[in-house]
Amino acid sequence: METLLLTEAHVAGVVRTFGSNRFMDLTTDRLRTRFALAGESDARSPARGGFQRGPGSTGVMEWMPHHQPGRAVTIKIVSYTPSNPDGHGLPTIGATPGRFDDLTGRLPARADGGLLTAIRTGAASAVAGRLLADPASRVLGIVGAGARAVPQAQVLSRSSHWNAS
């Protein structure tokens, strides 16, 4: 069996098909539900791991596993390389999630995770913002202007996430 490989263009196409606001809303709602169920389901997220790499050990490679016994294992590999933008014209953060069948160990799907990671980070900010921010807040401060800043500003600007229960 072949492994489905979703490129950055495939992922962006799915987001476009749904509409970026709708996709962000769905992701935020799903994440809010999953956070609320933490510890109550059969899914397990083992500890993250990683190591320093690259010249002068300035880069980092991390793995983020999630296990759904009897169903799947998802592992996102994330690379952090601060020299990429200036030295190589590449993003600082790269990510690739892989989804494995829990019973066979087969890899049915792998994806470019750059956009997915940015969207998930924005969704997590929305969940945290709803719980921690004053609902009357009208000013948003974001430190940084990288790939994660845009989805965070997008989802935090959507009023539906401030009034949901």
Under 3.5 Å side-chain donor-acceptor pair for [X] and [Y]:
| X | Y | result |
| --- | --- | --- |
| Asp25 | Thr28 | no |
| His66 | Thr74 | no |
| Thr3 | Arg106 | no |
| Gln154 | Ser20 | yes |

Test item: [X] side-chain N/O and [Y] main-chain N/O as donor-acceptor pair under 3.5 Å:
| X | Y | value |
| --- | --- | --- |
| Thr117 | Gly114 | no |
| Asp102 | Gly70 | yes |
| Asn84 | Pro91 | yes |

ILVMFWY cluster, [X] and [Y] together (side-chain gap under 4.5 Å):
| X | Y | answer |
| --- | --- | --- |
| Val11 | Leu5 | no |
| Met24 | Val15 | yes |
| Leu107 | Leu4 | no |
| Ile77 | Leu6 | no |
| Ile119 | Ile142 | yes |

Open item on the list: For Phe18 and Phe23, take the angle between the two ring planes, folded into 0 to 90°, and tell me which bin it lands in: parallel under 30, tilted 30 to 60, perpendicular over 60.
Closed with: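 Ring orientation of Phe18 relative to Phe23: perpendicular.
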Which atom pair, heavy atoms only, marks the closest approach of [X] to [Y]?
| X | Y | answer |
| --- | --- | --- |
| Arg120 | Leu31 | O-CD2, 3.9 Å |
| Glu62 | Val60 | CG-CG1, 3.7 Å |
| Gln52 | Ser57 | NE2-O, 3.6 Å |
| Gly59 | Pro82 | CA-CD, 4.4 Å |
| Val155 | Gly122 | CG1-O, 3.0 Å |
| Pro108 | Phe100 | CD-CA, 4.0 Å |

Open item on the list: Under the criterion side-chain contact (heavy atoms from CB on, under 4.5 Å), I'd like the reasoning laid out for Val78 against Ile93: C-alpha separation, chi angles, the key distance, then a yes or no.
Closed with: CA-CA 7 Å; Val78 179; Ile93 297 173; 3.8 Å; yes
Decide yes or no for [X] and [Y]: does some side-chain heavy atom of the first lie under 4.5 Å from some side-chain heavy atom of the second?
| X | Y | answer |
| --- | --- | --- |
| Thr92 | Pro85 | yes |
| Glu8 | Leu115 | no |
| Lys76 | Thr96 | no |

TODO: Apply side-chain contact (heavy atoms from CB on, under 4.5 Å) to Val127 and Phe35, showing your working.
DONE: CA-CA 9 Å; Val127 172; Phe35 282 167; 3.8 Å; yes
Open item on the list: Between Gln152 and Thr121, does the side-chain contact (heavy atoms from CB on, under 4.5 Å) criterion hold? Intermediate values first, please.
Closed with: CA-CA 7 Å; Gln152 288 184 57; Thr121 300; 3.6 Å; yes
Task: Under-4.0 Å salt bridge between Arg32 and Asp29 - done: yes
Open item on the list: Does atom CZ (Arg53) have a neighbourhood of more than 12 heavy atoms from anything else shown, all under 6.0 Å?
Closed with: yes
TODO: Measure the NE2-OG distance between His67 and Ser45 for me, rounded to the nearest 0.5 Å.
DONE: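 It is 10.5 Å, given to the nearest 0.5 Å.
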